[in-house]
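Notes follow once the structure below has been shown.
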Amino acid sequence: MNNLDKYSKNILRELQLDSRRSVQALSSRVGLSGTPCWRRVKEMEEAGLIRRYTVLLDREKLGLHVCCLVHVNLQRHVQGAIQEFERAIGECPEVIECFSATGEADYLLKVIVPDIKAFDAFLNQALFTLPGVANVRTSVVLREVKYETALPL
């Protein structure tokens with residue numbers, strides 16, 4: 001389904017803005033009748049283009065005031081370090097994004113916590129205890145300039 005037509009792209013754009021719209025409301029916004037619109041949504045779900053439906057929360061209002069971007073380097077000679085690191089990071093609720101990357105760091109993590117004390121606890125109780133972690137550098141986010149979840153279609 002790589003070659004999406006304008007209707008499918010419009011459906012995806014609209015769903016990214018508000019996935020709670022009814023099929024009727026969605027179809028009127030994209031210029032299709034209800035059944036073809038519903039069929040396209042189902043096809044895109046089955047093809048995996050639509051992975052899931054979710055809700056975006058305001059982290060500040062939930063008391064999660066600190067966002068850190070953490071650069072992690074692993075020791076290459078430690079057997080199984082990559083698999084162990086990725087498994088452990090997958091179990092850390094504070095880590096909301098993890099990327100294996102090129103450049104100066106092996107991994108980039110986005111960590112969300114209530115305060116610096118909680119971040120210190122995360123470092124000492126989770127990250128620093130993992131075998132194979134050689135180096136950690138952190139940038140504390142002062143403010144979000146842009147935050148989007150919608151993909152550019």
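All values reported here derive from a predicted model rather than from experimental measurement. Throughout, residue positions are numbered sequentially from 1 according to the sequence presented. For the numbers below, each heavy atom of this structure counts, side chains included, while hydrogens, waters and symmetry mates do not.
- Between Cys92 and Ala126, the closest heavy-atom pair is SG-CB, 4.2 Å.
- Scanning both residues, Tyr7 and Val30, for their nearest heavy atoms gives CD2-O, 3.4 Å.
- Put simply, Leu62 and Val66 are part of two different groups of oily side chains (I, L, V, M, F, W, Y) that touch within less than 4.5 Å, one to the next.
- In the displayed structure, Gln24 atom CD is contacted under 6.0 Å by at most 12 heavy atoms of other residues, nucleotides or ligands.
- Residues Arg59 and Cys67 meet the side-chain proximity criterion, which asks for heavy atoms closer than 4.5 Å.
- At a threshold of 4.5 Å between side-chain heavy atoms, the hydrophobic network of Ile, Leu, Val, Met, Phe, Trp and Tyr places Ile116 and Val113 in one connected group.
- Within the structure, ring-ring contact (aromatic ring centres under 6.0 Å, His included) pairs that include any residue of residues 27-67 do not occur (at least two apart or interchain).
- Rounding to the nearest 0.5 Å places CD of Gln16 at 9.5 Å from CD of Glu148.
- If you chain together hydrophobic residues whose side chains sit under 4.5 Å apart, Leu74 and Leu123 fall into the same group.
- Atoms OG and CZ, on Ser100 and Phe85 in that order, are 9.5 Å from each other to the nearest 0.5 Å.
- Within the 4.5 Å cutoff, side-chain heavy atoms of His71 are placed close to those of Leu108.
- Proximity of Phe122 to Ile112: side-chain heavy atoms (C-beta onward) are nowhere separated by under 4.5 Å.
- Atom CZ of Arg13 and atom OG of Ser8 lie 10.5 Å apart (nearest 0.5 Å).
- Formation of a donor-acceptor pair under 3.5 Å by the Arg21 side chain with backbone atoms of Leu26 is not found in this model.
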Using the rule given for side chain to side chain contact (heavy atoms under 4.5 Å, CB included), can you reason through Leu57 versus Leu64, listing the C-alpha separation, both sets of side-chain angles and the distance that settles it, and then say yes or no?
CA-CA 11 Å; Leu57 304 175; Leu64 299 168; over 6 Å; no

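- A single hydrophobic cluster is not seen to contain both Leu15 and Val23; linkage of ILVMFWY side chains at heavy-atom distances under 4.5 Å, directly or through other members, places them apart.
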Run Tyr107 and Val95 through side chain to side chain contact (heavy atoms under 4.5 Å, CB included) and show every step you take.
CA-CA 12 Å; Tyr107 290 90; Val95 178; over 6 Å; no

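- Under the 4.0 Å criterion applied to side-chain N and carboxylate O atoms, Arg87 and Glu91 are assigned as salt-bridge partners.
- Atom-to-atom distance recorded for Leu12:CG and Leu151:CG is 9.0 Å, nearest 0.5 angstrom.
- Between the CE atom of Met44 and the CD1 atom of Ile50 there is a distance of 4.5 Å, given to the nearest 0.5 Å.
- Contact annotation: the side chain of Asp106 approaches that of Arg76 to within less than 4.5 Å [non-hydrogen atoms, C-beta and beyond].
- Between Leu4 and Leu153, the closest side-chain pair of non-hydrogen atoms is not below 4.5 Å.
- Contact check for Val111 versus Leu127: no side-chain heavy atoms found under the 4.5 Å cut-off.
- Once rounded to the nearest 0.5 Å, the distance linking CG of Asn3 with NZ of Lys9 reads 8.5 Å.
- Annotation: side chain of Thr149 is not in contact with side chain of Thr54 (no heavy-atom distance under 4.5 Å).
- We find that Asp5 and Arg40 are joined by a salt bridge, their nearest charged nitrogen and carboxylate oxygen being less than 4.0 Å apart.
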Would you mind writing out the side-chain donor-acceptor pairs for residues 133-145 within the sub-3.5 Å range, not counting sequence neighbours?
none

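- Residues Phe119 and Phe128 fall within the same hydrophobic cluster, defined by Ile, Leu, Val, Met, Phe, Trp and Tyr side chains chained together at heavy-atom separations under 4.5 Å.
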